[in-house]
Amino acid sequence: MTLMTKIIETKDFLAAKGVIAPEFGLILGSGLGELAEEVDNAIVIDYADIPNWGKSTVVGHAGKLVYGDLAGRKVLALQGRFHFYEGNSLDVVTFPVRVMKALGCEGVLVTNAAGGISYGPGTLMAITDHINMTGNNPLIGENLDDFGPRFPDMSDAYTATYREKAHEVAEKMSIKLEDGVYMGLTGPTYETPAEIRAFKVLGADAVGMSTVPEVIVAAHSGLKVLGISAITNFAAGFQSELNHEEVVEVTQQIKEDFKGLVKAILSEL
Ligand code: HPA
């Protein structure tokens with residue numbers, strides 16, 4: 001089956017379940033999936049039941065699609081994303097974004113937990129731009145002309161108007177929201193201290209193992225993007241030890257700010 005056929009099959013499956021005309025797609029990273037529990041009039045579908053969908057295997061990722069009303073908007077929220085390091089192809093990693101586009105979303109809000117180079121644990125960072133350090137690209141292969149061009153411009157992958165709105169809202173709520181460049185790597189190893197020193201020189205403010213493939217596919221198809229990183233730890237070399245438990249724990253601490261901020265942003269977009 002071609003990728004296009006799969007996209008259409010999955011879109012039709014979701015539409016038949018009542019997933020109609022979502023306005024925004026929410027991709028909720030490690031520990032941030034709780035926001036989906038606040039969706040009203042929710043239609044909840046297990047990933048395992050969705051055709052052509054990947055499997056979510058990471059602690060802190062629930063593996064459910066939740067459609068419904070959040071902050072007055074129709075959202076399609078993903079509790080748990082697919083990572084390249086889980087052995088998924090980039091087609092699988094980015095498939096939900098394609099389906100969001102096919103279902104008619106205007107924009108996607110992509111969130112992640114990230115290691116901080118310029119910022120410390122507990123910081124929320126609006127992504128201004130990214131550096132693709134995965135050595136790969138989800139658009140390699142036949143171009144889906146119905147979605148976008150062969151050589152897409154990535155200058156405005158992170159939509160300035162969305163980010164400005166996010167800052168306005170954060171200020172009103174007295175939530176600190178920084179700006180920064182996200183560097184995406186494959187993982188699953190955390191970086192070495194030498195890598196982090198190098199990445200700092202290259203212009204990275206935060207590092208993580210997701211988001212870049214999804215945003216490339218979103219930008220290709222003309223979806224607007226707001227990216228928010230929850231900085232959960234200092235990147236390697238700035239602190240003694242890195243572990244996933246800590247990432248989840250710090251995310252727990254900032255999730256209330258995160259949830260409040262995202263809902264307020266959604267109501268304003
Ligand atoms: N590096 C990469 N990914 C991450 C980190 C990190 O330090 N923290 C959370 N996700």
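Order of appearance sets the numbers: ligands from 1, and atoms from 1 within every ligand. Hydrogens, waters and symmetry mates play no part in the numbers below; they use all other heavy atoms, side chains included.
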Report each N/O pair between ligand 1 and the protein that falls under 3.5 Å, naming both atoms.
| unit_1 | atom_1 | unit_2 | atom_2 | d |
| --- | --- | --- | --- | --- |
| ligand 1 | 1 (N) | E191 | OE1 | 2.8 |
| ligand 1 | 1 (N) | E191 | OE2 | 3.3 |
| ligand 1 | 7 (O) | N233 | ND2 | 2.9 |
| ligand 1 | 8 (N) | G115 | N | 3.3 |
| ligand 1 | 8 (N) | N233 | OD1 | 2.7 |
| ligand 1 | 10 (N) | A113 | O | 3.3 |

* Can you check side-chain contact (heavy atoms from CB on, under 4.5 Å) on V108 and F24, steps first, answer last? -> CA-CA 5 Å; V108 290; F24 296 102; over 6 Å; no
* **side-chain contact (heavy atoms from CB on, under 4.5 Å) partners for I50, two or more places apart** => T10, F13, L14, I45, Y47, W53, L65
* **Of all pairs that satisfy ring-ring contact (aromatic ring centres under 6.0 Å, His included), the ones with a partner from residues 166-221, not counting sequence neighbours** => none
* Passes salt bridge (charged side-chain N to carboxylate O under 4.0 Å, His left out), K74 versus E23? Steps please. -> CA-CA 5 Å; K74 286 269 177 248; E23 299 172 76; over 6 Å; no
* Ion pair present between E256 and K259, side-chain N to carboxylate O less than 4.0 angstrom? -> yes
* Structure fact -> Contacts satisfying ring-ring contact (aromatic ring centres under 6.0 Å, His included) that involve residues 110-154 (not counting sequence neighbours) are H130-Y158
